[in-house]
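Structure first, then comments.
Start at 1 and go down the list; that is how both ligands and their atoms are numbered.
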Amino acid sequence: MGFKKDFLWGGATAANQIEGAFNRAGRGLTTMDTLTVGDKNTPRQITYKTLEGEIKYAERLSAIPEGAVGHIIPNEFYPSHSGIQFYDHYKDDIKLFSEMGFKAYRMSISWTRIFPKGNELEPSEAGLSFYDSVFDECIKYGIEPVVTLCHFDTPLYLANQYDGWSSRKVIDFFSHYCETVFKRYKNKVKYWITFNEINVLRSWLQIGIHKNDDQTKFQALHHIFLASAKAVQLCHEIIPNAQIGNMVMYAPSYAMTARPEDVIENINYKRQVEFYLDVQVKGYYPAYKLKEFERKSVSIEMEEGDLELLSNGTVDFIGFSYYMSTMSTIDSSVPKTPGNNILSYKNPNLEVSEWGWTVDPLGLRIALCEMYDRYHVPLFIVENGLGANDNLLSNGQVDDDYRIDYLRAHIKAMKDAVDLDGVDLMGYTPWGCIDLIAWSTGEMKKRYGFIYVDVDDKGNGSFKRYKKLSFDWYKNVIATNAENIT
Ligand code: BG6
């Protein structure tokens, strides 16, 4: 009973939220580099609104001397430019992960470190060797890298020149990038993930599209599905012993009442994520989505072989993020609360985090059951955690007992899903195992880590790392394979 012996305990991060060094060693710009810092009440901004403005902005950023740090544009702070300086600190950071006993480290490759514009034929050797060193460092400590190929960061050039994923050509550029990294790292990386949270991808920021109507969005998504299926095939050909998964944001939804209207509303809500899983795990567009396309007059341009590629490029496992549950109802007067990429109804039975996200450990077991019962493939929780405003004490301690409580309850729910429901669970990589830039707000003070990084919302600080109380606690969870968790 309990978790498998080779259960992949670890932690997760993404390039644009940790690396910094946004213009070093020839790295090209990404859409994420255009995002300013925000906070709970102020959304992050992209500081131009037209294509012309976008190109000018790109020129402005490109003019910043390589390696410049700090407030490189007066009065504007772009968190991805410095991240948590992982680019310079990765050896020490991975050493800390190894101290916790990590078996796996989920991270992403920044596409523009390898192909600065996204469409070159020859990769950047500097970019490739950076990730060689990162993987070597992991392997030195027996940590399996789990690598996401694209975590929200579309090359800016492709957004400017091709309207991002709305262009079918981007599939070939992405496939070339995938082939390059699969060949280069085939002896180092056995676990891959195609697109992060594919079910929340939308807009210029994440996929480079300038119009956000359904037709453009779903056509772009069709290209992303094809690119993902192609990546699965390439991975299997080039690294036969590898496993490659997809990744969705999964927030189980409960019908708010037993009113049948709420129940059907809930079915429709759940289909918003199931659609992505149906395509990527089962390999076809489900009937309910085709009907929705008809209703919305969305007509997907397909080429011969597209449907075959989707059906032959299904994933080996489902990777997903779990932070919260939500509810469905037709009663629009029910109060709402923010959530991970969604505005959720406030569940009166559950508490919310400092950022308003619903805390629901049992929801994780529900998520695991729903997906395993429906798809019958191994599941991998590649993100979960509590964003909280931690306090670094003068003696260097961070007493994040609330985070321990949160994680304990979620791990207990995972264990029940394995022991009581028979779910095949591969691993658990809590989000932001080291503090990083929050995606939604760009804040640093929304911290998830076991390791505190001394930097504030404006990028000021020593960038020194401190172990939080949860560090040793998680180390013990891993060492005991969570046997004693109650
Ligand atoms: C997921 C993303 O949506 O949630 C991460 O994959 C993100 O990139 C995480 O950081 C937590 O969200 P936030 O907004 O608290 O950083």
Any donor-acceptor N or O pair under 3.5 Å, side chains [X], [Y]:
| X | Y | value |
| --- | --- | --- |
| Tyr402 | Asp390 | yes |
| Tyr250 | Glu370 | yes |
| Asp454 | Ser462 | yes |

- Item | Cation over ring face, Arg24 and Tyr87, 6.0 Å, 45° | no
May I ask you to list the atoms of ligand 1 that are less than 4.0 angstrom from any heavy atom of [X]?
| X | answer |
| --- | --- |
| Gln17 | 5 (C), 7 (C), 8 (O), 10 (O) |
| Ala438 | 16 (O) |
| Asn196 | 2 (C), 6 (O) |
| Lys446 | 13 (P), 14 (O), 15 (O) |
| Asn341 | 3 (O) |

- Nearest heavy atom to atom 9 (C) of ligand 1: which of Trp439, Tyr448, Tyr323 does it belong to? Tyr323
If only atom types and distance count, is the side chain of [X] paired as donor or acceptor with the main-chain N or O of [Y] below 3.5 Å?
| X | Y | value |
| --- | --- | --- |
| Glu443 | Asp39 | no |
| Arg106 | Ala104 | no |
| Tyr474 | Gly10 | yes |

- Message: Residue-level breakdown please: for Asn340 versus ligand 1, do any non-hydrogen atoms fall below 4.0 Å on the side chain, on the backbone, on both, or on neither?
- Response: side chain
- Within reach of ligand 1, part of Trp355 (heavy-atom separation under 4.0 Å): neither
- Any His151 heavy atom less than 4.0 Å to ligand 1: yes
Nearest to [atom], what protein heavy atom do you find, and at what distance?
| atom | answer |
| --- | --- |
| atom 4 (O) of ligand 1 | Glu383 OE1, 3.3 Å |
| atom 3 (O) of ligand 1 | Glu197 OE1, 2.6 Å |
| atom 14 (O) of ligand 1 | Ser440 OG, 2.5 Å |

- Task: Return yes or no for this condition: an N or O of Trp357 is under 3.5 Å from an N or O of ligand 1.
- Result: no
- Task: Look at atom NZ of Lys289 and say whether more than 12 heavy atoms of other residues, nucleotides or ligands are closer to it than 6.0 Å.
- Result: yes
- The single option from Lys446, Arg447, Lys445 passing salt bridge (charged side-chain N to carboxylate O under 4.0 Å, His left out) against Asp435: Arg447
